[in-house]
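Note sheet for the following structure.
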2 protein chains.
Amino acid sequence: MSEIVDRSAKSNAAGVKAQTLADDVFSQMRDAIVRGDFEPGSKINEPQLAAQYGISRGPLREAIRRLEGAKLVEIKPNAGAKVISLKKSQAFEIYEIRESLEGLACRLAARKASSEDCLKLRDLLAAHEAQIQSEDGRLYYQKAGDLDFHYQIVSLSRNQRLFDLLCGELYHLLRLCRVKTSSQPSRPEQAFKEHHHIVDAIEHGDAELADILMRRHIASAKNTFINALNQIDEELSSGD
Amino acid sequence: MSEIVDRSAKSNAAGVKAQTLADDVFSQMRDAIVRGDFEPGSKINEPQLAAQYGISRGPLREAIRRLEGAKLVEIKPNAGAKVISLKKSQAFEIYEIRESLEGLACRLAARKASSEDCLKLRDLLAAHEAQIQSEDGRLYYQKAGDLDFHYQIVSLSRNQRLFDLLCGELYHLLRLCRVKTSSQPSRPEQAFKEHHHIVDAIEHGDAELADILMRRHIASAKNTFINALNQIDEELSSGD
DNA sequence: TACAATGAGATTGTCGACAAAATCTAACTG
DNA sequence: CAGTTAGATTTTGTCGACAATCTCATTGTA
């Protein structure tokens, strides 16, 4: 009943070939941008990219228009598209929005989650704990693991548009600037505790508390992230 | 410094002719959809529309791709685009998101607004009061006036992305389904009081209170809106 | 030497035509 | 008469070519 689905994965799932060239190239380019294969701020050259993907400029331009809709490129008339380059202040803005929206997701999840749902969350956290204690725990935790947790919470909100907005747009944007701070130390143990407290609140159906705890959790992530960015700026200006 | 700007108005401002056909047709179609000129759920016929706007299918398809990005149409491969048709549950989802985000906007506005800013808000509300007491007050207030107020609050948040999201996307979507409930009775006096209380909180720099008041204000709007939709459903099913 | 005009090259914007897919119609079969 | 299949028509997807615009280097002049 009303399952939350990732609509953004139109094509690149297991072996399902794309329906249209524009959609296919859109997925490829989106992943490439988020992965950091395109330098942020770099110009997008239509003839070159069309040749690279083996398509004509028509579908390519449609793909670029979709990227514009996903806020991953900026288009200026008669000047072409550029890969977005997020400044610190813009990353901060996105974190502010995420803080509010994930608070909402938690609030809704606390009202709607079944005991089964909570069990699945606990399982996920248990798997995370095992990973933390393994050698590459830190890396795993902050990369895929943390994201898994937030994904699952958002789907428990049973608000499809909220899911699309957070998981289909904002997360991509944040990953884009996280490429810079790739090896940020993070704080796995602390985050792990916070996750458990959030699940506690959801399990008790305490929507208000779940909201507050999640917002606090994201605020911490925001701070460590901004600090990492500041540090990079300092290194650049001192080493230059 | 750092003025909040409506980036969505690329073309249709005063006399400034569009830079590119695709952008121009995008604006026209977006306005037409929001205005209700396109029946929600109706199919978009490319050859016909291209002829209507006097352009070829290339730019038209790019415009449609941008509309897809704005969530105003849905595209299925090899089947074309359809104007979005929001169900009650989806409108509800959008209101939930709006509630959270405008709360955030208020919270930020309370922290950042200068006394000048507050004065402008008061002026706006005073103008509204005059309108309310005039003959077509009700209509004015709920249409342009109410929106003006919310626009201004969101600008005061000084979060450009929040502004784009709320004023550039969500408001359009809500206006789209408000077309149905065109003459909803609303509650101008009550809303007017709430607006004043919100400005009070912002003036005092009480971010927490401003947040709560705005969320409550939108929750009321959400309820009257959903009730109006329910009433329409009843009329349809009984009169049929 | 500094600076503006000019022109060549490259890039974006637009178009019409063709290919592939879907839809509709109508005839055919049980 | 219902259901299915085959063909015709419409619509979407893709391509290559041309026009408009921008960029940048070169040249000429003060």
Side-chain angles (χ1 to χ4, degrees), chain A residues 7-8 10-12 16-30 32-33 38-70 72-85, chain B residues 7-12 15-30 32-33 38-70 72-85:
Chain A
R7 293 206 204 101
S8 69
K10 267 188 183 171
S11 61
N12 53 3
V16 180
K17 72 172 194 296
Q19 295 288 3
T20 149
L21 292 184
D23 288 336
D24 187 25
V25 167
F26 165 74
S27 307
Q28 287 185 248
M29 287 185 71
R30 184 193 55 191
I33 290 175
F38 288 91
E39 192 70 22
S42 63
K43 195 170 168 324
I44 287 179
N45 187 308
E46 292 183 8
Q48 180 206 318
L49 265 183
Q52 186 173 320
Y53 286 115
I55 64 175
S56 84
R57 283 177 51 222
L60 179 70
R61 283 172 66 87
E62 290 183 26
I64 293 175
R65 272 330 216 294
R66 281 196 64 188
L67 289 173
E68 184 190 23
L72 288 172
V73 306
E74 283 174 344
I75 299 181
K76 279 186 185 168
N78 292 317
K82 280 176 27 174
V83 178
I84 203 175
S85 170
Chain B
R7 292 207 205 100
S8 69
K10 268 188 181 172
S11 62
N12 53 2
V16 180
K17 73 173 193 294
Q19 296 289 2
T20 146
L21 292 183
D23 288 337
D24 187 26
V25 168
F26 165 75
S27 307
Q28 287 186 248
M29 288 184 71
R30 185 194 54 192
I33 290 175
F38 289 91
E39 193 70 21
S42 63
K43 196 170 166 326
I44 287 179
N45 188 310
E46 291 184 9
Q48 180 206 320
L49 266 183
Q52 187 174 321
Y53 286 115
I55 64 175
S56 85
R57 281 177 52 224
L60 179 71
R61 283 173 65 88
E62 291 183 27
I64 292 175
R65 272 329 216 297
R66 282 195 64 187
L67 289 173
E68 184 190 24
L72 289 173
V73 306
E74 283 174 343
I75 300 181
K76 279 186 186 169
N78 292 317
K82 280 177 26 176
V83 178
I84 204 175
S85 169

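Numbers restart at 1 for each chain; the letters A, B, ... are given by sequence-line order, proteins then strands.
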For this session: For the helix from C/dT1-D/dA30 to C/dG30-D/dC1, measure the angle between the helix axis at one end and the axis at the other, each built from five pairs, rounding to 10°.
Result: 10°
Exercise. How would you give the extent of chain A contacts on DNA chain D, as first and last nucleotide 5' to 3' within a 4.0 Å heavy-atom cut-off?
Worked result: D/dT14 to D/dC22
Sequence neighbours left out, cut at 3.5 Å: what donor-acceptor pairs do the side chains of residues 53-64 of chain B make with other protein atoms?
residue: B/Ser56; atom: OG; partner: B/Gly58; partner atom: N; Å: 3.4
residue: B/Arg57; atom: NE; partner: B/Glu46; partner atom: OE1; Å: 3.0
residue: B/Arg57; atom: NH2; partner: B/Glu46; partner atom: OE1; Å: 3.2
residue: B/Arg61; atom: NE; partner: A/Glu62; partner atom: OE2; Å: 2.6
residue: B/Arg61; atom: NH1; partner: B/Glu46; partner atom: OE1; Å: 3.4
residue: B/Arg61; atom: NH1; partner: B/Glu46; partner atom: OE2; Å: 3.1
residue: B/Arg61; atom: NH2; partner: A/Glu62; partner atom: OE1; Å: 3.3
residue: B/Arg61; atom: NH2; partner: A/Glu62; partner atom: OE2; Å: 3.3
residue: B/Glu62; atom: OE1; partner: A/Arg61; partner atom: NH2; Å: 3.3
residue: B/Glu62; atom: OE1; partner: A/Arg65; partner atom: NH1; Å: 2.5
residue: B/Glu62; atom: OE2; partner: A/Arg61; partner atom: NE; Å: 2.7
residue: B/Glu62; atom: OE2; partner: A/Arg61; partner atom: NH2; Å: 3.3

Seminar exercise, completed: Between the NZ atom in B/Lys76 and the OG1 atom in A/Thr20, the distance rounded to the nearest 0.5 Å is 15.5 Å
Seminar exercise, completed: On DNA chain D, more 5' by nearest nucleotide between B/Ala81 and A/Ala79 is B/Ala81
Problem set entry | Positions of residues 46-55 of chain B (non-hydrogen atom under 4.0 Å from DNA chain C), listed by number | B/Ile55
Exercise. Under 4.0 Å: is that the gap between some side-chain N or O of A/Asn45 and OP1 or OP2 of C/dT11?
Worked result: yes
Problem set entry | Contacts of A/Gln48 that satisfy side-chain contact (heavy atoms from CB on, under 4.5 Å) - sequence neighbours left out | A/Asn45, A/Gln52
Seminar exercise, completed: Here the distance between atom C1' of C/dG13 and atom CZ of B/Arg61, to the nearest Å, is 16 Å
Exercise. Roughly how many Å is it from CD in A/Gln19 to C1' in C/dA20, rounded to a whole number?
Worked result: 13 Å
Exercise. What is the distance, rounded to the nearest whole Å, between atom CG of A/Asn78 and atom C1' of C/dA10?
Worked result: 14 Å
Exercise. Should A/Lys82 be listed as having a side-chain N or O under 4.0 Å from OP1 or OP2 of C/dT12?
Worked result: no
